[in-house]
*Asks:* 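Supplied in structure tokens, the structure appears directly below.
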Amino acid sequence: MRFTSLVIELIRARPRLIVWIAVLLQALMWLFVALVFYRSPPGTLATLLAFGREYQVGTDLGPPLPVWLADIAYRAAGGHMFGVYVLAELCEIATFIALYHLSRAVVGSQQAVLSVLLTMTVLAFSSSALDFGPLVLARPLWALLLLHSWQIIGQRRGNAWFAWSIEAGLLLLTTPAAIFLLLLLVVFAVSTGGGRRTLRALDPLFALIVVAVLALPYAVWLMRAETLAMPALPQVAELSARALHAAWLLGGLVLGAAAIPALTFLNTGLFAGKGEEPPIIYRPPVEPLARNFVYFFALAPVLGGVLISGLLGLEYVVGGAGVVLVTSGLAVVVAAGDFIAMRRARMLRMVWAAAVVAPAIGVVLGVLLLPWTGTGEIATSMPARAISDFFDDSFARRTNHRLRAVAGETQLASLITLHSGRPHLFIDADPARTPWMNQAKFNETGGVVVWRASDTAGTPPPDILKRFPGIVPEVPRAFEWLVTGRQQLLRIGWAIVRPKGT
């Protein structure tokens with residue numbers, strides 16, 4: 001009898017089950033890494049939560065939806081980062097499930113599984129899995145927008161307009177890149193016959209009304225904040241440097257998607273066994289409009305995002321790598337043809353699993369080994385809970401008041417705001433960033449000022465001493481890293497600003 005692996009048979013018979021198993025296992029893997037090896041939030045997540053505590057309509061972090069959702073998840077988990085990590089993984093799961101439904105509508109259920117599995121390797125390397133924020137929340141919203149856009153344009157399903165309008169409005173409340181992404185949808189609709197027929201109905205008008213209502217509060221905040229000015233374009237002398245920067249960004253995207261060409265190459269006839277009859281993953285023919293839809297949204301977001309980021313000198317691709325590359329796996333599957341032979345299936349499984357697991361292994365090895373090989377800090381190894389508890393308790397014992405505000409070095413101050421009391425963050429170096437707190441109010445309520453101690457006396461840095469001239473530094477407090485290794489202890493200098501009237 002001819003032997004076919006169980007995985008291939010499951011892809012043929014139960015494609016949705018395979019997708020759910022793969023996506024859930026990846027989410028559980030990252031949750032395990034976070035709970036075991038993270039002592040503090042990754043990236044700027046602590047600052048995001050400090051801003052979310054204030055529930056502002058808009059901040060310099062961008063639209064409010066990611067900030068609000070992060071705070072809601074944090075509170076729902078009882079003041080534990082686990083809630084935010086679960087929220088990030090729910091966004092990851094929603095992205096792949098929406099992509100599966102889009103792929104199934106284009107290439108059928110069986111090849112849709114391949115598109116999801118390929119895209120998982122791309123997002124594993126190109127975007128963060130746990131650093132919740134605009135770039136993470138935008139991924140499922142963009143995938144859902146593409147799904148419902150295809151249902152509207154390609155399948156002529158008018159009932160998808162309502163979901164489309166909600167997702168477009170939420171995307172505008174998530175990332176500044178939403179205008180660029182929505183413009184791409186308009187360009188495709190206008191440039192195709194099916195899209196132009198769709199736009200002649202009344203449904204788009206009602207959808208625009210819903211989008212406008214959702215985005216109106218943030219739009220009003222933008223107008224009042226006077227932040228709608230066009231960004232400055234580079235001078236002619238800067239164009240060569242900006243072009244080189246854009247090339248680096250494009251190279252980073254290509255490198256993040258390197259697992260796809262690797263798997264494609266390993267699946268060629270060069271690696272087929274002698275006399276092997278590989279199993280075939282079949283699909284119905286793809287109609288030209290669907291092919292154009294997939295290719296357009298696989299290339300246009302990448303090229304447009306790289307071009308805009310290069311012109312403006314941004315350090316990241318507009319929209320984020322996880323957004324612009326979300327249809328890359330589907331584009332490869334569409335280009336592969338109606339019959340995809342799975343040669344050397346066991347080797348393909350091993351390479352795919354290695355590509356998905358490698359980033360998590362890299363994080364674990366970095367946490368465990370880097371402290372022994374250098375002096376660089378690993379932000380997620382800071383003992384956030386011990387830091388916040390110490391300064392909250394110290395302020396309460398010294399003043400008999402609850403800690404209400406924290407200032408000083410933003411990274412350290414943000415960690416202290418994660419305490420159950422949730423004190424306010426005050427960015428004293430740039431008070432405009434934290435409009436809920438100013439110097440006078442901070443002096444009124446009192447608080448803690450923190451910095452990295454460079455000596456045993458805990459002398460404040462000159463800039464902090466200039467902004468808080470009356471502070472008396474306390475003895476620096478030392479904290480152990482998750483893995484200390486050859487690093488010195490984390491020493492935090494601090495001073496108390498007593499509330500007025502005490």
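All heavy atoms count here, side chains included; hydrogens, waters and symmetry mates do not.
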*Asks:* Taking all non-hydrogen atoms of both residues, which atom of Leu415 and which atom of Ala384 are closest, and how far apart?
*Replies:*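 Smallest interatomic distance, heavy atoms only, reads CD2-CB, 4.0 Å.
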*Asks:* Check side chain to side chain donor-acceptor pair (under 3.5 Å) between Glu167 and all other residues, then give those that pass, not counting sequence neighbours.
*Replies:*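 For Glu167 the side chain to side chain donor-acceptor pair (under 3.5 Å) partners, ignoring immediate neighbours, are His148.
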*Asks:* Going by atom type alone, with no hydrogens or angles, which donor-acceptor pairs under 3.5 Å involve a side-chain atom of residues 61-68 and a protein atom two or more places apart or on another chain?
*Replies:*
{"residue": "Trp68", "atom": "NE1", "partner": "Gln56", "partner atom": "O", "Å": "3.1"}

*Asks:* Arg467: which residues meet the side chain to side chain donor-acceptor pair (under 3.5 Å) condition with it, sequence neighbours left out?
*Replies:*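 Scan of Arg467 (side chain to side chain donor-acceptor pair (under 3.5 Å), adjacent residues dropped) gives Asp428.
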*Asks:* Evaluate the ring planes of Phe479 and Phe391, with Trp represented by its six-membered ring, and classify them as parallel (under 30°), tilted (30 to 60°) or perpendicular (over 60°).
*Replies:*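 Rings of Phe479 and Phe391: tilted, as their planes differ by 30° to 60°.
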*Asks:* For residues 455-474, which residue pairs pass the ring pair (Phe, Tyr, Trp, His ring centres under 6.0 Å) check, not counting sequence neighbours?
*Replies:*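 Applying ring pair (Phe, Tyr, Trp, His ring centres under 6.0 Å) to every pair that reaches into residues 455-474, excluding sequence neighbours, yields Phe442-Phe468.
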*Asks:* Less than 4.5 Å apart, any side-chain heavy atom of Val323 and any of Leu135?
*Replies:*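 The answer is no, as the side chains (C-beta and beyond) never meet within the 4.5 Å cut-off.
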*Asks:* Can you list the residues that meet the side chain to side chain donor-acceptor pair (under 3.5 Å) rule with Trp161, with sequence neighbours excluded?
*Replies:*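 Testing Trp161 for side chain to side chain donor-acceptor pair (under 3.5 Å), a comparison that skips the adjacent residues, returns none.
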*Asks:* Applying side-chain contact (heavy atoms from CB on, under 4.5 Å), can you list everything that pairs with Thr459, at least two apart in sequence or on another chain?
*Replies:*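 Partners of Thr459 under the side-chain contact (heavy atoms from CB on, under 4.5 Å) test: Asp455, Ala457.
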*Asks:* Classify the ring geometry of Phe390 against Trp494: parallel below 30°, tilted from 30° to 60°, perpendicular beyond 60°.
*Replies:*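 Phe390 vs Trp494 ring planes: perpendicular.
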*Asks:* Check side-chain contact (heavy atoms from CB on, under 4.5 Å) between Val483 and all other residues, then give those that pass, not counting sequence neighbours.
*Replies:*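 Here the qualifying residues are Leu368, Pro371, Trp372.
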*Asks:* State whether the number of non-hydrogen atoms from other residues, nucleotides or ligands found under 6.0 Å of Glu480 atom CD is greater than 12.
*Replies:*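 Counting other residues, nucleotides and ligands, CD of Glu480 stays at 12 neighbours or fewer.
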*Asks:* Out of curiosity, Arg498 CZ to Thr399 OG1, how far, rounded to the nearest 0.5 Å?
*Replies:*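 The distance works out to 6.5 Å.
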*Asks:* I'd like to check Ile416 versus Leu403 (side-chain heavy atoms, cut-off strictly below 4.5 Å). Are they in contact?
*Replies:*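 Result yes, sub-4.5 Å side-chain heavy-atom pair found.
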*Asks:* Using the test side-chain contact (heavy atoms from CB on, under 4.5 Å), find all partners of Thr119 that sit at least two apart in sequence or belong to another chain.
*Replies:*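 Residues passing side-chain contact (heavy atoms from CB on, under 4.5 Å) with Thr119: Phe96, Leu99, Leu123.
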*Asks:* With the side chain counted from C-beta on, respond yes when Tyr74 and Leu69 share a heavy-atom pair under 4.5 Å apart, and no when they do not.
*Replies:*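 In short, these two side chains do not touch, never coming nearer than 4.5 Å.
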*Asks:* Please assess Tyr55 against Trp436 for the test ring pair (Phe, Tyr, Trp, His ring centres under 6.0 Å), listing each intermediate value before the final yes or no.
*Replies:* CA-CA 10 Å; Tyr55 284 90; Trp436 53 85; over 10 Å; no
*Asks:* Hey, does the side chain of Ser128 reach the backbone of Asp131 with a donor-acceptor pair shorter than 3.5 angstrom?
*Replies:*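 Yes, Ser128 side chain to Asp131 backbone: donor-acceptor pair under 3.5 Å.
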*Asks:* How many angstroms lie between CE in Met81 and OH in Tyr38, if you round to the nearest 0.5 Å?
*Replies:*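 Between atom CE of Met81 and atom OH of Tyr38 there are 10.5 Å.
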*Asks:* Just verifying a value: how many Å separate His401 NE2 and Ile496 CD1, rounded to the nearest 0.5 Å?
*Replies:*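 Between His401 NE2 and Ile496 CD1, I get 12.5 Å after rounding to 0.5 Å.
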*Asks:* Is there a donor-acceptor contact under 3.5 Å from the side chain of Ser40 to the main chain of Ala379?
*Replies:*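 It does hold such a pair.
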*Asks:* Please name the pair of heavy atoms, one in Ala27 and one in Ile93, separated by the smallest distance, quoted to 0.1 Å.
*Replies:*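 Heavy-atom minimum between the residues: CB-CD1, 4.0 Å.
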*Asks:* Tell me the closest heavy-atom pair linking Ser165 and Ala207, and the distance in Å.
*Replies:*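 Scanning both residues, the minimum pair turns out to be CB-O, 3.6 Å.
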*Asks:* Any idea which heavy atoms bring Val450 and Ala413 closest together, and the distance?
*Replies:*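 Scanning both residues completely, I find the closest heavy atoms to be CG2-N, 3.9 Å.
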*Asks:* Answer whether the closest heavy-atom distance between the side chains of Thr59 and Thr434 falls below 4.5 Å.
*Replies:*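 The answer is no; the side chains never approach within 4.5 Å.
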*Asks:* Could you list the donor-acceptor pairs under 3.5 angstrom formed by side chains in residues 295-318, with sequence neighbours left out?
*Replies:*
{"residue": "Ser309", "atom": "OG", "partner": "Gly305", "partner atom": "O", "Å": "2.9"}
{"residue": "Ser309", "atom": "OG", "partner": "Tyr316", "partner atom": "O", "Å": "2.8"}
{"residue": "Ser309", "atom": "OG", "partner": "Val318", "partner atom": "N", "Å": "2.9"}

*Asks:* Can you sort out the partners of Thr44 under side-chain contact (heavy atoms from CB on, under 4.5 Å), two or more places apart, ordered by chain and number?
*Replies:*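 Counting only residues at least two positions away or on another chain, Thr44 forms no side-chain contact (heavy atoms from CB on, under 4.5 Å).
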*Asks:* Does any part of the side chain of Ile492, heavy atoms only, come nearer than 4.5 Å to the side chain of Pro476, both counted from C-beta?
*Replies:*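 No, every pair of side-chain atoms sits at 4.5 Å or beyond.
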*Asks:* Are the side chains of Pro499 and Phe395 in touch, meaning some heavy atoms are under 4.5 Å apart?
*Replies:*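 Yes, side chains in contact.
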*Asks:* So, using salt bridge (charged side-chain N to carboxylate O under 4.0 Å, His left out) as the criterion, who are the partners of Arg422 when residues are at least two apart?
*Replies:*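 Partners of Arg422 under the salt bridge (charged side-chain N to carboxylate O under 4.0 Å, His left out) test: Asp71.
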*Asks:* Check whether any side-chain heavy atom of His424 lies under 4.5 Å from a side-chain heavy atom of Val406, and answer yes or no.
*Replies:*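 Contact flag for His424/Val406 side chains = no.
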*Asks:* Nearest 0.5 angstrom please: Leu170 CG to Leu145 CG, how far?
*Replies:*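 It comes to 9.0 Å.
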*Asks:* Mind checking what makes ring pair (Phe, Tyr, Trp, His ring centres under 6.0 Å) contact with Tyr85, not counting sequence neighbours?
*Replies:*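 Scan of Tyr85 (ring pair (Phe, Tyr, Trp, His ring centres under 6.0 Å), adjacent residues dropped) gives none.
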*Asks:* Under 3.5 Å, side chain of Asn443 to main-chain N/O of Gln439, donor-acceptor pair present?
*Replies:*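 Yes, the answer is positive, given that a donor and an acceptor are paired below the 3.5 Å cut-off.
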*Asks:* Main chain of Gln488, side chain of Trp481: is a donor-acceptor contact present, judged purely on distance under 3.5 Å?
*Replies:*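 Yes.
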*Asks:* Taking the basic N atoms (NZ, or NE/NH1/NH2) and the acidic carboxylate oxygens, is any pair closer than 4.0 Å for Arg398 and Glu474?
*Replies:*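 Result for this pair is yes, salt bridge flagged.
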*Asks:* What are the two closest heavy atoms between Ser149 and Trp164, and how far apart are they?
*Replies:*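 That closest heavy-atom pairing would be OG-NE1, 2.9 Å.
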*Asks:* Looking at every heavy atom in both Ala495 and Ile471, which two are closest together, and how far apart are they?
*Replies:*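 Distance-wise, the nearest heavy atoms are CB-CB, 3.8 Å.
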*Asks:* How long is the gap from CZ on Arg139 to CG on Leu171, to the nearest 0.5 Å?
*Replies:*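 The CZ atom of Arg139 sits 13.5 Å away from the CG atom of Leu171.
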*Asks:* Considering only heavy atoms from C-beta outward, does the side chain of Val23 approach that of Tyr100 to under 4.5 Å?
*Replies:*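 A side-chain contact under 4.5 Å is absent here.
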*Asks:* To the nearest 0.5 Å, how far apart are OG1 in Thr175 and CZ in Phe180?
*Replies:*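 These two atoms lie 10.5 Å from each other.
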